[in-house]
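Below is one structure, written out as structure tokens; comments come after it.
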Amino acid sequence: MKFLSNEERHKIFGALLEKSIAGKLAKKITREVFHQFSVSIATVQRIWKRAKTTANSGRVNVSHRRTENYGRKRITIEPTQVTGVPLCKRTTLRSMSMAMGVSLTTLFRRKKEGLIQRHTNSIKPHLKEANITSRLQFCISMLDKTSTKSRI
């Protein structure tokens, strides 16, 4: 099935309008037009029918309707949904996705977009620079000196 742009649809309608007599199509005109534009006869008939129905409003509209209703529908997450989940279920994205009934990928995308933000716990905050360096020094002190030498 060929997708027609609005410009192509207007050209088809123009060709039909030129060949019409007092708003009526003679026999085999739709056949001529569909051969001329290499589209199916049903498409030509659908464009003509749409033109006739929209002509009552004063302006003929044969444009496609894909502009506003096109593509996959987005899953929305309301802030009230997030606050409705208990705190113990909000610790990880996986547990939060199970509690909300939304896929993990959707939650991760919303986090990436900035709609959902991380929040640190005041009891267990992120490490500061001094704490990170002291932890790394402790880890290095626990290493075996002989295991760190290269064996070339």
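Starting from 1, each residue takes its place in the sequence as its number. Because the structure is predicted, anything quoted here is derived from the model rather than measured.
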Shortest non-hydrogen separation from [X] to [Y] and the atoms involved:
X	Y	result
W48	G23	CZ2-O, 3.5 Å
V85	Q81	CG2-O, 3.4 Å
S95	R90	OG-N, 4.4 Å
I116	I77	CD1-CD1, 4.4 Å
L107	M100	CD2-SD, 4.3 Å

side-chain contact (heavy atoms from CB on, under 4.5 Å) between Q45 and S40, worked out: CA-CA 9 Å; Q45 290 170 343; S40 70; over 6 Å; no
message: Can a side-chain donor-acceptor contact be found between R94 and S97 if the only test is distance below 3.5 angstrom?
response: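 No - no donor-acceptor pair under 3.5 Å links their side chains.
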query: So, S103 and T106: side-chain donor and acceptor under 3.5 Å apart, yes or no?
result: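 Distance-only check passes for S103 and T106.
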Look at the side chain of [X] and the backbone N and O of [Y], then say whether any donor-acceptor pair between them is shorter than 3.5 Å.
X	Y	value
T133	E129	yes
R9	V62	yes
E8	S5	yes
T83	P79	yes

query: When you look at E32 and K28, which way does the salt bridge (Lys or Arg N to Asp or Glu O under 4.0 Å) test go after all the steps?
result: CA-CA 6 Å; E32 292 172 16; K28 304 204 180 189; over 6 Å; no
Can you tell me how far the [atom1] atom of [X] sits from the [atom2] atom of [Y], to the nearest 0.5 Å?
X	Y	atom1	atom2	value
H10	S63	NE2	OG	4.0 Å
L104	F108	CG	CZ	8.5 Å
I29	Q36	CD1	CD	11.5 Å
L4	F37	CG	CZ	10.0 Å
T105	L93	OG1	CG	10.5 Å
I47	K11	CD1	NZ	12.5 Å

[X] atom [atom1]: more than 12 heavy-atom contacts under 6.0 Å:
X	atom1	result
I21	CD1	no
K19	NZ	yes
R110	CZ	yes

message: Within the structure provided, determine whether L17 and V60 are in side-chain contact (heavy-atom separation under 4.5 Å).
response: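 Side-chain contact under 4.5 Å: no.
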query: Does one hydrophobic cluster hold both I41 and F13, with members joined at side-chain heavy-atom distances below 4.5 Å?
result: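 Same hydrophobic cluster.
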task: Show your reasoning for whether side-chain contact (heavy atoms from CB on, under 4.5 Å) applies to V39 and V33.
output: CA-CA 9 Å; V39 294; V33 172; over 6 Å; no
Test side-chain contact (heavy atoms from CB on, under 4.5 Å) applied to M96 and K89, step by step: CA-CA 5 Å; M96 193 161 113; K89 298 282 186 179; over 6 Å; no
message: What verdict does the salt bridge (Lys or Arg N to Asp or Glu O under 4.0 Å) test give for E113 and R74, after you've listed the backbone C-alpha separation in whole Å, the side-chain angles of each residue and the deciding distance to 0.1 Å?
response: CA-CA 13 Å; E113 292 167 359; R74 185 181 168 104; 2.6 Å; yes
